Amino acid sequence: MQAKNFHYSKLLKPLPLSIIFVLILLILDWFFPNFLSKFSFLIILICAILFGFLPKQLTTLSSKISKVKKEKRIDIVSPLEAVPQIFKFKTFFNFQDLIHNTLQETAAFIENLPPSSVSIFAHLSSKNQRYPINLGTLIQQVKELSLPLFVHPIFSIPQKKLSSNKLEVFLSIPEKEQTVPLKKLNIKASPEYKAYIDLVVLLSIIQKVVVSPQKHKSVPYLCEIHENLFEYPAVLQILKDIINHPDFPKHLFVFMTSLTTLSQNVAFLENLHSQGFQIGIHVDKLPAPSLPSFLQVFYIDFPDLQSSLKGLAKRQFSHTIQTLTEQPYKVILGEVENEQVLQDILPAQFDFACGSALGKVQLWQDVLTKK
């Protein structure tokens with residue numbers, strides 16, 4: 001029935017306008033008796049039809065013009081501006097699908113970046129020699145969740161009881177038969193593109209931890225969030241979609257940030273803490289400024305600690321450490337290669353530490369198989 005009436009409906013819509021036109025002519029003829037005698041009936045009929053159909057044609061033409069303009073505007077939108085549209089409605093997914101799809105789509109976006117927009121170099125030896133790395137190598141390992149992930153066990157002192165783990169990501173270079181820490185790669189790209197690379201690496205870590213067997217999910221992992229992720233709204237929104245999902249395993253992660261990130265995003269990090277997330281800070285020098293009360297972890301590597309307190313007398317050194325360890329948060333000393341350091345230079349003042357002197361760094365797969 002609808003098919004039969006379709007053509008008639010197109011004709012009926014302009015009729016009211018044509019009728020109005022004829023009525024106007026009749027009214028004019030009423031007041032001016034000889035008005036219609038000057039025009040033939042055929043001319044009046046044609047004018048009535050045009051009066052009825054012309055507004056519709058103008059509307060159609062206007063819509064076509066606006067559509068063409070809109071399409072042109074879309075063509076000139078950069079890929080970076082178009083990315084957030086990909087991630088619409090992901091909050092309705094279960095967490096496994098959300099993290100998997102977001103990881104794959106973010107990786108696909110990075111793969112489609114303009115050629116030569118990202119250059120990656122690694123220092124493979126003590127000589128200052130750079131080795132170029134294909135971006136596709138990094139993205140392929142991300143998509144396959146095959147980035148080598150190393151686990152640094154963190155122990156309580158002096159009991160040497162496992163307290164947590166620190167994660168460090170490497171990139172495998174098959175041609176050289178070795179791995180390189182991601183944090184030591186020299187990535188040349190715009191800050192926005194770097195942010196997406198940092199995001200995709202973080203997503204791969206989260207998914208790798210989340211999909212591990214349930215029996216291994218008892219000890220939290222220190223996981224660093226690069227400050228780039230906080231500087232671009234599109235990237236930060238993707239991160240928010242992930243960590244705000246109701247099934248995100250909050251107990252499995254301690255999110256570590258830098259002093260810069262902390263100072264610029266206090267409200268956001270405090271809100272995460274109020275939702276049950278553990279927040280920590282990774283510093284590279286002392287003394288640290290006054291820190292917000294919601295921080296739960298303070299991490300510093302032993303070489304950085306020595307460097308920032310170099311030249312101080314042993315008494316001053318110990319006093320600075322004691323002041324630090326009296327704070328309410330958990331203080332962790334990293335890269336401890338000599339256990340005697342904890343007894344001589346830092347006499348029982350650190351409650352937690354990690355490094356080769358305390359526990360061997362292990363591959364993620366090895367940690368899982370041993371448990």
Side-chain angles (χ1 to χ4, degrees), residues 99 103-104 106-107 110-111 113 118-154 162 164-189 193-213 216 219-226 228-229 252-256 258 282 284 299 301-304 332 334-337 354-371:
I99 186 74
L103 173 62
Q104 296 298 320
T106 309
I110 296 172
E111 279 184 311
L113 290 177
V118 179
S119 302
I120 306 177
F121 299 93
H123 297 274
L124 301 179
S125 65
S126 56
K127 298 177 182 178
N128 194 19
Q129 183 179 2
R130 298 193 309 171
Y131 177 76
I133 296 171
N134 192 330
L135 177 62
T137 301
L138 171 61
I139 297 305
Q140 190 63 29
Q141 292 182 37
V142 163
K143 292 167 75 172
E144 296 175 354
L145 297 184
S146 58
L147 280 173
L149 189 61
F150 284 84
V151 179
H152 300 250
I154 298 172
L162 184 65
S164 54
N165 291 297
K166 181 174 177 286
L167 298 176
E168 186 175 14
V169 192
F170 282 66
L171 174 68
S172 177
I173 307 176
E175 305 91 338
K176 298 293 183 178
E177 297 183 348
Q178 66 182 97
T179 59
V180 182
L182 246 65
K183 66 180 180 181
K184 292 186 178 180
L185 290 181
N186 182 13
I187 301 178
K188 294 184 177 295
Y193 291 166
K194 281 185 180 180
Y196 277 101
I197 293 173
D198 290 332
L199 173 67
V200 83
V201 171
L202 177 61
L203 294 179
S204 68
I205 295 172
I206 293 175
Q207 185 171 16
K208 204 165 188 176
V209 173
V210 168
V211 299
S212 65
H216 303 312
V219 179
Y221 297 91
L222 273 62
C223 186
E224 299 208 24
I225 302 181
H226 199 279
N228 279 342
L229 304 187
L252 275 182
F253 297 95
V254 179
F255 287 139
M256 304 292 293
S258 66
H282 187 173
D284 55 6
Y299 183 97
D301 289 321
F302 179 62
D304 292 331
I332 302 172
E335 292 191 27
V336 179
E337 298 179 356
C354 69
S356 57
L358 296 161
K360 184 180 177 182
V361 176
Q362 302 174 75
L363 265 172
W364 173 261
Q365 300 92 300
D366 297 339
V367 173
L368 295 185
T369 54
K370 286 183 179 180
K371 288 188 178 183

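Quantities reported herein were computed from a predicted structural model and do not represent experimental measurements.
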Full working for side-chain contact (heavy atoms from CB on, under 4.5 Å) between V142 and T106: CA-CA 10 Å; V142 163; T106 309; over 6 Å; no
Given the rule in the salt bridge (Lys or Arg N to Asp or Glu O under 4.0 Å) test, do K143 and E111 qualify, once you have shown the distances and angles that lead to the verdict? CA-CA 11 Å; K143 292 167 75 172; E111 279 184 311; 3.2 Å; yes
Do C223 and I205 come close enough that some side-chain heavy atom pair is under 4.5 Å? yes
Do I197 and I110 have side-chain heavy atoms sitting under 4.5 Å apart? yes
Atom CD of E337: over 12 foreign heavy atoms under 6.0 Å: no
Check whether more than 12 heavy atoms from other residues, nucleotides or ligands sit under 6.0 Å from atom CD of E177, and answer yes or no. no
Identify which one of Y221, F170, F150 satisfies the ring-ring contact (aromatic ring centres under 6.0 Å, His included) criterion when paired with W364. Y221
Show the nearest heavy-atom pair for residues [X] and [Y], with the distance to one decimal.
{"X": "K194", "Y": "I187", "result": "CE-O, 2.7 Å"}
{"X": "V361", "Y": "H152", "result": "CG2-ND1, 3.4 Å"}
{"X": "S172", "Y": "T179", "result": "CA-CG2, 4.0 Å"}
{"X": "L162", "Y": "P153", "result": "CD1-CB, 3.8 Å"}

I133: which of L124, L185, L138 passes side-chain contact (heavy atoms from CB on, under 4.5 Å): L185
Those residues at least two apart in sequence (or on a different chain) that pass ring-ring contact (aromatic ring centres under 6.0 Å, His included) with H282 are Y299
